[in-house]
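Ligands are counted one by one from 1 in listed order, and the atoms in each one are counted from 1 as well. Positions are given from 1 along the sequence. Atom set for the values below is all heavy atoms of this structure, side chains included, hydrogens, waters and symmetry mates excluded.
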Amino acid sequence: MIPDKPPQDNVFHGSEELKKEAHVPSFDKYRELYMKSVDNPDEFWGDVAKDFFWKTKHTGQFLDYNFDVTKGEIYIKCMEGASTNICYNLLDRNVHEKKLADKVAFFWEGNEPGDELTVTYRELLQRVCQFANVLKAQGVKKGDRVSIYMPMVVELVVAMLACVRIGAVHSIVFAGFSAESLCERIVDSQCCLLITADGFYRGDKLINLKLLADEALQKCRDKGFPVGRCIMLKHLSKEPEGILGSQSPPAKRPCPDLQQEKQAGRVKKTRPVPKVPWNPEVDLCWDALLRGVSDECEPEWCDSEDPLFILYTSGSTGKPKGVLHTVSGYMLYTATTFKVVFDHQPDDVYWCTADIGWITGHSYITYGPLANGATSVLFEGLPTHPDVSRMWEIVDKYNVTKFYTAPTAIRLLMKFGNEPVQRYKRSSLKVLGTVGEPINPEAWQWYYNVVGEKRCPIVDTFWQTETGGHVLTPLPAATPMKPGSATLPFFGVVPAILNESGEELEGPSEGYLVFKQPWPGVMRTIYGSHERFESTYFKKFPGYYVTGDGCRRDKDGYFWVTGRIDDMLNVSGHLLSTAEVESALVEHEAVAEAAVVGRPHPVKGESLYCFVTLNDGVMYNSELEVELKKQGKIMRRLLRKIACDERELGDISTLADSTVVEQLFQNRCCTAV
Ligand code: WTA
């Protein structure tokens with residue numbers, strides 16, 4: 001399954017320096033540990049579990065499952081019967097047992113250079129406990145769902161861990177999503193409370209987040225699902241508009257402490273502050289709620305298989321799927337992948353550029369790093385603001401040792417040449433990582449040669465929202481790298497390649513990438529629809545988890561993920577379903593039919609190519625084109641999703657070639673986004 005010997009030809013190796021201290025220092029060691037993880041998962045993961053705190057021990061098998069739909073319901077259980085609390089393991093255990101109270105948990109770096117905050121493990125624990133008490137006071141109980149719609153601020157981590165502390169289930173919605181998307185997710189998971197912020201800047205652009213949150217809550221009301229409470233963090237604003245004169249009782253009124261906010265660098269005197277509508281019936285101010293609240297909170301002890309969080313991912317039917325992860329398996333898996341794949345060492349400064357609104361941020365900004373007592377950079381801004389050197393400026397500022405980003409960001413920055421990179425030293429860097437989509441060898445080489453100066457191995461991590469953590473990935477000191485290959489499976493993961501008839505292919509081959517058995521961090525269900533969970537991932541090839549990706553295996557046994565083979569597109573590392581975009585387009589009154597396909601794009605990997613049939617009598621013109629691009633949730637969502645550079649989008653958003661299109665479809669038209 002794992003080649004006996006590492007490949008020799010055309011490979012890159014981790015530095016000798018790295019091998020000296022690495023958790024997994026050689027290919028042989030990787031192979032040995034891998035075999036143990038597969039032959040004896042109970043012992044392998046049991047050893048990992050020893051480092052964590054368990055209120056009570058597990059009763060049944062360590063990992064119990066059925067992966068075969070023909071044999072009954074699909075289930076995966078890890079350490080059932082054991083009770084613990086992840087927040088306790090991430091914070092209290094590090095503060096008290098590991099003596100990391102004064103260690104920095106996060107260096108927060110705002111959108112504007114100079115906006116910064118430092119938070120230690122002790123402070124994070126106190127803030128989480130305090131906010132957990134606030135949630136309890138608002139009536140949030142174990143098992144309740146809480147929706148979080150926030151920018152990349154420390155309070156986002158505080159909000160998520162406060163939920164975890166009291167056993168509530170967080171459902172984080174990326175702050176780039178539209179009101180419609182937020183509403184859809186709130187209703188689907190029946191959230192009792194929404195946590196948001198007034199607004200934030202992405203580069204020069206102000207996002208009025210509270211306005212969007214309000215719009216979403218109104219849509220929820222219209223759908224007969226009123227959400228009783230909305231807690232708003234004042235990230236940018238001074239005083240919510242209209243609050244003076246509101247009917248809310250004084251204790252609930254926002255009462256900003258401007259001095260403190262100024263010190264925190266939060267008041268942007270030169271920039272417009274967001275519009276903050278205020279509904280005293282529903283809205284509560286984060287700061288006001290905290291006043292006088294204790295910073296101690298006994299954690300709620302949860303069963304290993306209690307739900308931890310829901311995170312929505314695009315579904316090929318167009319309706320997003322609420323991927324559900326549970327407590328213990330996810331904790332063990334994110335902690336182990338983080339430690340081994342980034343070869344985490346105590347003095348590391350780690351930086352993952354993803355947004356916490358995506359799974360990468362959940363697993364590798366919050367859970368994995370904090371479980372290891374790591375110090376991370378939490379970055380609010382863009383790689384291109386105020387200029388294209390920002391990433392490397394931050395690397396030098398905090399002496400970042402491990403850096404994790406997306407191929408789309410690398411391709412974007414690569415276009416600006418080497419100078420913006422070489423303006424900074426980057427000598428602290430030791431390991432580089434990528435995630436989200438296949439990395440083309442050219443981008444890999446640039447990342448390796450220019451950013452890492454041939455010193456830093458690149459871990460090309462393949463995984464999904466559903467897998468919880470890395471499943472195919474090199475280990476930096478152990479696995480020889482091949483540009484563009486996610487190489488070999490992580491511990492406990494057993495991949496296979498199937499042909500169309502569901503037969504396992506041996507040796508060099510290409511087909512469907514599937515997994516033969518669960519690992520602790522794999523999803524447990526789709527919230528509210530176990531049937532959809534089974535039919536999406538387990539029906540096509542009974543006995544296997546089907547990723548939806550195509551994959552090639554080379555003569556050395558290395559895996560090369562080739563991209564989606566279902567009706568999904570990967571734009572800048574973010575999955576979109578063609579059906580979802582099509583349904584948004586046909587919602588427009590001018591549109592009769594729409595068909596959406598992917599088209600290769602040099603920076604984004606893929607771009608959307610939309611064919612649209614207009615209703616009789618409607619003329620195609622540039623105004624309509626603009627409208628269609630903005631159409632509903634999808635276009636807004638897409639625009640924000642293309643996180644790296646909005647100007648980029650302009651380059652390709654013109655009509656592709658009107659003459660060809662006219663020939664093809666007399667009265668049809670076509671627009672590429
Ligand atoms: C793609 C992101 C190739 C793949 C963590 C997968 C990749 C989808 C890689 C999941 C990689 C992610 N190489 N393709 N290293 N990483 N993908 O759920 O198509 O947002 O199925 O999770 O991204 O996207 P998701």
Checklist entry - Taking atom types as modelled and ignoring hydrogens, do the side chains of Tyr330 and Ser363 form a donor-acceptor contact shorter than 3.5 angstrom? => result yes
Checklist entry - Considering only heavy atoms of Val435, which atoms of ligand 1 have at least one such atom less than 4.0 Å away? => result 5 (C)
Next on the checklist: Is there a polar contact between ligand 1 and Thr434, counting only N or O atoms under 3.5 Å apart?
Outcome noted: no
Checklist outcome for this item: protein heavy-atom neighbour closest to atom 19 (O) of ligand 1 works out as Asp549 OD1, 2.6 Å
Item to check | ring pair (Phe, Tyr, Trp, His ring centres under 6.0 Å) between Phe338 and Tyr350, intermediate numbers included | outcome: CA-CA 10 Å; Phe338 176 78; Tyr350 161 85; 4.7 Å; yes
Checklist entry - Just distances here: any N/O of Thr547 and N/O of ligand 1 closer than 3.5 Å? => result no
Next on the checklist: Quick one about Ser189 and Arg145 (side-chain donor to acceptor, distance below 3.5 Å, no hydrogens or angles considered), yes or no?
Outcome noted: no
Item to check | Test salt bridge (charged side-chain N to carboxylate O under 4.0 Å, His left out) applied to Arg564 and Glu606, step by step | outcome: CA-CA 11 Å; Arg564 304 296 304 183; Glu606 269 185 308; over 6 Å; no
Item to check | Ala486 contact mode with ligand 1 (heavy-atom cut-off under 4.0 Å) | outcome: neither
Next on the checklist: Tell me whether the rings of His170 and His362 are parallel (<30°), tilted (30 to 60°) or perpendicular (>60°).
Outcome noted: tilted
Checklist outcome for this item: Nearest non-hydrogen contact to atom 1 (C) of ligand 1 from the set Gly436, Ser485, Gly548, Ser314 belongs to Gly436
Next on the checklist: For atom 3 (C) of ligand 1, what's the nearest protein heavy-atom neighbour? Residue, atom name and distance, please.
Outcome noted: Pro438 N, 3.1 Å
Item to check | Any N/O pair Val561/ligand 1 closer than 3.5 Å | outcome: no
Item to check | Close N or O approach (Thr360, ligand 1; < 3.5 Å) | outcome: no
Next on the checklist: When you compare the side chain of Tyr404 with that of Thr360, does any pair of heavy atoms fall below 4.5 Å?
Outcome noted: yes
Checklist entry - Heavy-atom contact under 4.0 Å between Trp463 and ligand 1? => result yes
Checklist outcome for this item: Among non-hydrogen protein atoms, atom 25 (P) of ligand 1 lies closest to Thr465 OG1, 3.5 Å
Item to check | For atom 11 (C) of ligand 1, closest protein heavy-atom neighbour | outcome: Glu437 O, 3.5 Å
Item to check | Ile439 and ligand 1 - part of the residue with a heavy-atom distance under 4.0 Å | outcome: neither
Checklist entry - Could you go step by step and tell me if Thr408 and Val603 meet the side-chain contact (heavy atoms from CB on, under 4.5 Å) rule? => result CA-CA 6 Å; Thr408 188; Val603 172; 4.1 Å; yes
Checklist entry - Can Gln445 and Met414 be said to form a side-chain contact (heavy atoms from CB on, under 4.5 Å), step by step? => result CA-CA 10 Å; Gln445 293 284 358; Met414 202 171 119; over 6 Å; no
Checklist entry - Counting only heavy atoms not in Lys19, do more than 12 sit closer than 6.0 Å to its NZ atom? => result yes
